[in-house]
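Inspection log for the structure reproduced underneath, given as structure tokens.
Naming: A, B, ... by sequence-line order, numbering from 1 per chain.
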Protein chains: 2
Amino acid sequence: MSEQAGRYSTLRLEHASTVDRVAGELRRAMFEGEVESGTPLRELAIAEQLGVSRPTVREALAQLVSEGLATREPNRGVSVATPDPAMVRDVCRCRFVLEGAGVLAWRDATPERRSEVRARLDEYVRAVDEGASYRDLNDLHLAFHVSLVGLTGSPRLMAMAQALVTELKLALAQVDRVRRNAHDQARSHEALVLLLEKDDVAGAHAFLEGHLSDAAEAILGALGAS
Amino acid sequence: MSEQAGRYSTLRLEHASTVDRVAGELRRAMFEGEVESGTPLRELAIAEQLGVSRPTVREALAQLVSEGLATREPNRGVSVATPDPAMVRDVCRCRFVLEGAGVLAWRDATPERRSEVRARLDEYVRAVDEGASYRDLNDLHLAFHVSLVGLTGSPRLMAMAQALVTELKLALAQVDRVRRNAHDQARSHEALVLLLEKDDVAGAHAFLEGHLSDAAEAILGALGAS
DNA sequence: AGAGTCTGGATTGTCAGACAATCTGACCAG
DNA sequence: CTGGTCAGATTGTCTGACAATCCAGACTCT
């Protein structure tokens with residue numbers, strides 16, 4: 001039963017709880033750039049706008065806070081998290097720890113998990129070729145990185161990785177589209193997977209470090225420029 | 001201001017929000033073994049028992065669920081998480097990834113963070129010598145492990161590590177005291193720190209892997225025996 | 001006029017009570 | 001003994017309310 005719940009979770013969003021729907025709507029608005037960082041999220045306003053009650057909104061907000069997408073100040077409510085350089089650096093640091101663990105687990109990973117990485121890469125590359133939207137490319141890009149962590153086969157590490165890329169997604173949304181050369185990104189990923197498929201785990205690990213470091217710098221630059 | 005809030009957070013628990021106090025009380029009851037794994041946590045019962053309202057309890061329960069200490073099944077409420085072998089293995093796996101990252105960061109860590117590890121070790125050893133209670137030893141033991149992750153200087157990695165040991169604490173509480181030889185544990189930790197202080201990072205990393213693997217086996221054994 | 005103080009409105013934190021939807025378990029019919 | 005139905009219990013959500021706190025602007029005093 002539990003694998004069903006997991007597998008169909010995206011399809012069952014229809015009758016997910018109201019709280020989850022509200023949280024999802026808020027996330028979407030944040031990723032879509034409809035609310036700027038630091039914007040206070042007023043409970044009553046959201047409740048009226050979405051046609052739900054205030055307690056429901058409160059629960060959804062608590063969810064966002066626990067995900068790091070928003071911050072709560074006592075008696076002052078919650079507001080959209082504002083990405084700062086320290087946060088970007090820390091997230092990328094964490095990503096290297098987690099994704100690095102995935103890369104190092106390449107040899108012990110099951111064939112399914114390895115082909116999952118390849119599948120995500122292909123999906124991303126195809127999207128790039130087809131000139132998909134910035135938003136979609138971004139999601140696919142991050143999905144690839146999460147699939148690296150999937151090589152460990154650890155649900156907790158994957159959950160942590162997912163939380164990290166979600167935080168990053170917010171930062172990217174705020175920074176108004178770090179539209180770096182998508183082809184370079186795809187090629188870089190391709191190189192990483194090729195190293196893995198050649199069984200050069202150490203090389204892939206080192207490559208990943210450079211890749212993530214580059215990503216951090218790019219975001220930091222965009223952040224400073226905004 | 002923010003560093004004050006962080007530094008004094010433990011002292012300010014007195015006038016923390018009601019929700020946090022409820023969540024804390026529930027955690028305490030779980031760690032104290034007052035509720036068994038799988039026990040349903042009824043909202044109304046808790047609300048009456050603690051003299052708070054049901055929405056408040058709901059928020060506290062949501063907090064526990066997001067920490068992995070409890071699970072929520074739709075329309076069936078939340079109940080205390082039941083530790084299973086896969087969970088223990090996964091937590092220990094994650095711990096190795098995070099604490100390993102801490103160990104590998106030894107050379108780049110600030111002197112304060114390194115002495116923090118030493119301080120936690122001394123504290124633990126002293127408590128063992130003084131024959132502290134099982135509960136206290138357990139907390140100090142886990143605090144030492146978290147301080148290893150602190151070597152990375154990454155607040156997110158530390159938060160993840162804290163969440164992991166909290167989950168483990170629950171498992172240990174349920175398993176009715178894995179009262180392994182506390183002296184061996186302390187000695188093992190001492191050996192690890194000595195390796196680090198001799199700058200043998202690789203050796204310490206390998207040692208940590210064995211240490212965590214042993215810990216997992218011990219807990220699994222106790223779990224199976226219960 | 002400038003600086004400190006006070007008050008009103010807005011917002012959160014928390015509570016009480018209520019209702020429909022769903023689940024559980026027991027009772028009853030075949 | 002098996003299967004269906006029903007009552008009780010519990011959750012998910014809503015409405016409405018109130019005290020505590022915070023912010024902004026007016027007000028007073030020098």
Side-chain angles (χ1 to χ4, degrees), chain A residues 1-2 4-5 8-9 12-27 29 35-67 69-82, chain B residues 1-2 4-5 8-9 12-27 29 35-67 69-82:
Chain A
M1 194 214 281
S2 74
Q4 265 200 10
Y8 298 140
S9 63
R12 294 174 65 201
L13 275 180
E14 198 64 39
H15 61 83
S17 76
T18 306
V19 170
D20 288 338
R21 264 180 290 131
V22 171
E25 172 61 19
L26 290 176
R27 265 188 230 104
V35 293
E36 290 180 7
S37 70
T39 306
L41 299 171
R42 293 292 148 56
E43 299 177 354
L44 193 57
I46 296 171
E48 287 174 355
Q49 195 165 336
L50 298 183
V52 299
S53 72
R54 202 157 72 88
T56 303
V57 173
R58 274 183 73 83
E59 273 192 63
L61 290 179
Q63 206 169 302
L64 295 184
V65 169
S66 81
E67 290 170 15
L69 294 179
T71 60
R72 150 165 278 135
E73 289 171 285
N75 290 319
R76 301 196 45 191
V78 337
S79 35
V80 181
T82 75
Chain B
M1 194 218 282
S2 73
Q4 266 200 9
Y8 298 141
S9 64
R12 293 173 64 202
L13 276 179
E14 198 64 37
H15 60 84
S17 77
T18 305
V19 169
D20 288 338
R21 266 181 290 131
V22 171
E25 171 61 19
L26 291 175
R27 266 188 228 104
V35 292
E36 291 179 5
S37 71
T39 306
L41 298 172
R42 295 281 147 59
E43 298 177 354
L44 193 57
I46 296 170
E48 286 174 357
Q49 195 166 336
L50 298 182
V52 299
S53 72
R54 202 156 73 90
T56 303
V57 173
R58 274 183 73 83
E59 273 192 63
L61 290 178
Q63 206 168 302
L64 294 183
V65 169
S66 80
E67 291 170 15
L69 294 179
T71 59
R72 151 166 277 135
E73 290 170 284
N75 289 320
R76 301 197 45 191
V78 336
S79 34
V80 181
T82 74

Listed nucleotide nearest any side-chain atom of [X], set [options]:
X       : options                : value
B:Arg58 : C:dC15, C:dG13, D:dT11 : D:dT11
A:Ser53 : D:dT13, C:dC15, D:dG12 : D:dT13
A:Pro55 : C:dT12, D:dT15, D:dT10 : D:dT15

Length of the [atom1]-[atom2] vector between [X] and [N], whole Å:
X       : N      : atom1 : atom2 : result
A:Leu61 : C:dT11 : CG    : P     : 14 Å
B:Arg72 : D:dT10 : CZ    : P     : 15 Å
B:Leu44 : C:dG17 : CG    : C1'   : 12 Å
A:Glu73 : C:dG13 : CD    : C1'   : 16 Å
A:Glu43 : C:dT14 : CD    : P     : 11 Å
B:Leu50 : C:dC15 : CG    : C1'   : 15 Å

Under 4.0 Å between a side-chain N or O of B:Thr18 and OP1 or OP2 of C:dT14?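 Checking C:dT14 against B:Thr18, a side-chain N or O does come within under 4.0 Å of OP1 or OP2.
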Give a yes/no on whether any side-chain N or O of A:Thr56 is located under 4.0 angstrom from OP1 or OP2 of D:dG12.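 Answer no for this pair, as no side-chain N or O of A:Thr56 is under 4.0 Å from OP1 or OP2.
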Atom [atom1] of [X] and atom [atom2] of [Y]: how far apart are they, to the nearest 0.5 Å?
X       : Y       : atom1 : atom2 : result
A:Gln63 : A:Asp20 : CD    : CG    : 5.0 Å
B:Glu43 : B:Ser53 : CD    : OG    : 10.5 Å
A:Arg54 : A:Arg42 : CZ    : CZ    : 12.5 Å

Assign A:Arg42 to base, sugar-phosphate, or nothing according to its heavy-atom contacts below 4.0 angstrom with the strands shown.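 Since only primed, P, OP1 and OP2 atoms lie under 4.0 Å of A:Arg42, the category is sugar-phosphate.
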Describe the nucleic acid contact of B:Arg54 in one word from base, sugar-phosphate, nothing, applying a heavy-atom distance below 4.0 Å.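 Counting heavy atoms under 4.0 Å across all strands, the contact made by B:Arg54 includes a base.
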Filtered N/O pairs between nucleotides 22-24 of chain C and protein, under 3.5 Å:
from	atom 1	to	atom 2	distance (Å)
C:dT24	OP1	B:Arg76	NE	3.0
C:dT24	OP1	B:Arg76	NH1	2.9
C:dT24	OP1	B:Arg76	NH2	3.2

Can you find a heavy atom in the side chain of B:Val57 that is under 4.5 Å from one in the side chain of B:Leu50?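 Result no, sub-4.5 Å side-chain heavy-atom pair not found.
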Student check: side-chain heavy atoms of B:Leu61 and B:Arg58 closer than 4.5 Å: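 Result no, sub-4.5 Å side-chain heavy-atom pair not found.
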For A:Gly77 and B:Val52, take the nucleotide of DNA chain C holding the closest heavy atom to each; which residue's nucleotide lies nearer the 5' end?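 The 5'-side residue here is A:Gly77.
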Is there a side chain to side chain contact (heavy atoms under 4.5 Å, CB included) between B:Leu64 and B:Arg27 once you walk through the steps? CA-CA 8 Å; B:Leu64 294 183; B:Arg27 266 188 228 104; 3.8 Å; yes
Mind running side chain to side chain contact (heavy atoms under 4.5 Å, CB included) on B:Arg21 and B:Thr18 for me, showing each step along the way? CA-CA 5 Å; B:Arg21 266 181 290 131; B:Thr18 305; 3.3 Å; yes
